[in-house]
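Below is one structure; the comments refer to it alone.
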Amino acid sequence: MPSRPLVVIGALLLAVPAFAAGTKPAADVRPRVDHHLKQVEDLAQHFESVMSQPCPHFASPGAWQAYLDGEVDRVVLLWAHVEQAWVEAKETGDDDVRRAAKAPRKRLDEARALLDKLQGCAVDNGAPFSQGTVWRKIEREVPKRQAQIALPQPDAAAVPRQ
């Protein structure tokens, strides 16, 4: 049986990751979360305008596809910002920052409604549309986009000491 000091040291080593999570001050994390929330809001406003307008009509299937690809790309971007806001928020234990980061998850339901509308618009434009294919593309692309939009972490080694 290990000695008592070894057991205590082992327990402390196991506990360190739990304490390390969420230890950044809210003041350091909040601006990063706010950046992603601002992007989510801007994209949501775009989607609100798409939802409130009649379906656009295009002269060719290629033009419709380009429009659809752009809207799907915006859904991917919205989803990536929602996810990244939460990744950033988990770096602090501050409940207000965490609540703010979780709030835009309701926007993901609006993205579902948008795809329903786009499916109807595809029919109006005589174009094929498979929601399953579009959702698989979104699921595949979100992690890639999330990696692209993640804000760089300040390098502690690069900060001059005073």
Side-chain angles (χ1 to χ4, degrees), residues 17-156:
F19 288 117
T23 58
K24 287 187 179 180
D28 291 349
V29 175
R30 186 63 190 234
R32 300 170 69 82
V33 169
D34 286 346
H35 164 77
H36 295 294
L37 298 180
K38 169 78 169 91
Q39 299 304 310
V40 168
E41 190 56 36
D42 290 349
L43 289 160
Q45 286 178 2
H46 167 78
F47 292 141
E48 287 170 7
S49 82
V50 170
M51 293 296 290
S52 68
Q53 301 294 317
C55 288
H57 293 279
F58 297 91
S60 70
W64 161 254
Q65 192 61 48
Y67 171 77
L68 177 62
D69 289 346
E71 293 306 315
V72 169
D73 189 57
R74 286 183 183 94
V75 170
V76 168
L77 188 56
L78 172 98
W79 207 298
H81 277 293
V82 167
E83 293 297 325
Q84 192 60 34
W86 178 238
V87 167
E88 299 285 349
K90 288 189 298 186
E91 294 184 356
T92 185
D94 186 276
D95 289 339
D96 291 336
V97 172
R98 287 173 170 238
R99 268 192 293 281
K102 281 186 176 181
R105 291 194 176 275
K106 68 181 182 274
R107 299 294 191 179
L108 300 179
D109 289 334
E110 294 168 6
R112 289 179 183 93
L114 173 74
L115 290 184
D116 288 342
K117 178 175 181 170
L118 291 175
Q119 185 170 22
C121 293
V123 170
D124 289 352
N125 279 280
F129 186 94
S130 165
Q131 278 212 17
T133 301
V134 171
W135 279 116
R136 283 188 294 281
K137 178 180 179 179
I138 291 168
E139 290 170 354
R140 205 174 42 248
E141 295 296 321
V142 166
K144 295 175 194 172
R145 185 61 62 84
Q146 191 176 345
Q148 293 169 348
I149 64 166
L151 299 172
Q153 293 286 334
D155 184 5

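Just so it is clear, the model here is predicted, and its values are computed rather than measured.
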### Message
My understanding is that only residues two or more places apart in sequence, or in another chain, count here; which of them pass salt bridge (charged side-chain N to carboxylate O under 4.0 Å, His left out) with Arg140?
### Response
none
#### Entry: Within-4.5 Å side-chain heavy-atom neighbours: Glu88 and Leu37
no
### Message
For the CG atom of Asp73 and the CZ atom of Arg145, what is their distance to the nearest 0.5 Å?
### Response
4.0 Å
### Message
Counting C-beta onward and ignoring hydrogens, is there a side-chain heavy-atom pair between Ile149 and His81 closer than 4.5 Å?
### Response
yes
### Query
How far apart are the C-alpha atoms of Gln131 and Asp116, what are their side-chain angles, what is the distance that settles it, and do they pass the side-chain contact (heavy atoms from CB on, under 4.5 Å) test?
CA-CA 8 Å; Gln131 278 212 17; Asp116 288 342; 2.7 Å; yes
### Query
Once you round to the nearest 0.5 Å, how far does CG of Asn125 lie from CG of Leu68?
10.0 Å
### Query
What are the two closest non-hydrogen atoms of Ala89 and Ala101, and how far apart are they?
CB-CB, 3.4 Å
## Note on the structure
The side chain to side chain contact (heavy atoms under 4.5 Å, CB included) partner of Val33 among Val97, Asp94, Val87, Thr92 is Val97
### Query
Hey, are the side chains of Phe129 and Cys121 touching, using non-hydrogen atoms and a 4.5 Å cut-off?
no
Donor-acceptor pairs are to be reported for all side-chain atoms of residues 47-57 against protein atoms at under 3.5 Å, with residues two or more places apart or in another chain.
{"unit_1": "Glu48", "atom_1": "OE2", "unit_2": "Arg107", "atom_2": "NH1", "d": "3.1"}
{"unit_1": "Ser49", "atom_1": "OG", "unit_2": "His46", "atom_2": "O", "d": "2.8"}
{"unit_1": "Ser52", "atom_1": "OG", "unit_2": "Glu48", "atom_2": "O", "d": "3.3"}
{"unit_1": "Ser52", "atom_1": "OG", "unit_2": "Ser49", "atom_2": "O", "d": "3.1"}

#### Entry: Heavy-atom pair of closest approach, residues Pro104 and Ala100
CD-O, 3.3 Å
### Query
Hey, does Val75 have a side-chain heavy atom less than 4.5 Å from the side chain of Leu43?
no
### Criterion salt bridge (charged side-chain N to carboxylate O under 4.0 Å, His left out) on Asp109 and Arg112, from CA distance to verdict
CA-CA 5 Å; Asp109 289 334; Arg112 289 179 183 93; 2.8 Å; yes
### Task
Working to the nearest 0.5 Å, report the span between CG of Leu77 and CD of Glu141.
12.0 Å
#### Entry: 4.5 Å side-chain heavy-atom contact, Val76 and Lys137
no
### Message
Suppose the criterion is disulfide bond (SG atoms under 2.5 Å apart): which pairs have a residue in residues 58-111, not counting sequence neighbours?
### Response
none
### Query
From Leu78 CG over to Glu41 CD, what is the distance, rounded to the nearest 0.5 angstrom?
10.0 Å
### Message
Using 0.5 Å steps for rounding, measure from the CH2 atom of Trp79 to the CD atom of Glu139.
### Response
7.5 Å
#### Entry: Rounded distance (nearest 0.5 Å) linking atom NZ of Lys106 with atom CG of Leu108
10.5 Å
### Message
For a side-chain contact (heavy atoms from CB on, under 4.5 Å) check, start with the C-alpha distance between Val134 and Leu118, then their side-chain angles and the critical distance, and finish with the verdict.
### Response
CA-CA 11 Å; Val134 171; Leu118 291 175; over 6 Å; no
### Task
List the steps and the verdict of salt bridge (charged side-chain N to carboxylate O under 4.0 Å, His left out) for Arg30 and Asp96.
CA-CA 9 Å; Arg30 186 63 190 234; Asp96 291 336; over 6 Å; no
### Message
Set out, in order, the CA-CA distance, both residues' side-chain angles and the distance that settles salt bridge (charged side-chain N to carboxylate O under 4.0 Å, His left out) for Lys38 and Asp42, then state yes or no.
### Response
CA-CA 6 Å; Lys38 169 78 169 91; Asp42 290 349; 2.8 Å; yes
### Task
Please lay out, stage by stage, how Arg105 and Glu83 fare under the test salt bridge (charged side-chain N to carboxylate O under 4.0 Å, His left out).
CA-CA 9 Å; Arg105 291 194 176 275; Glu83 293 297 325; 3.3 Å; yes
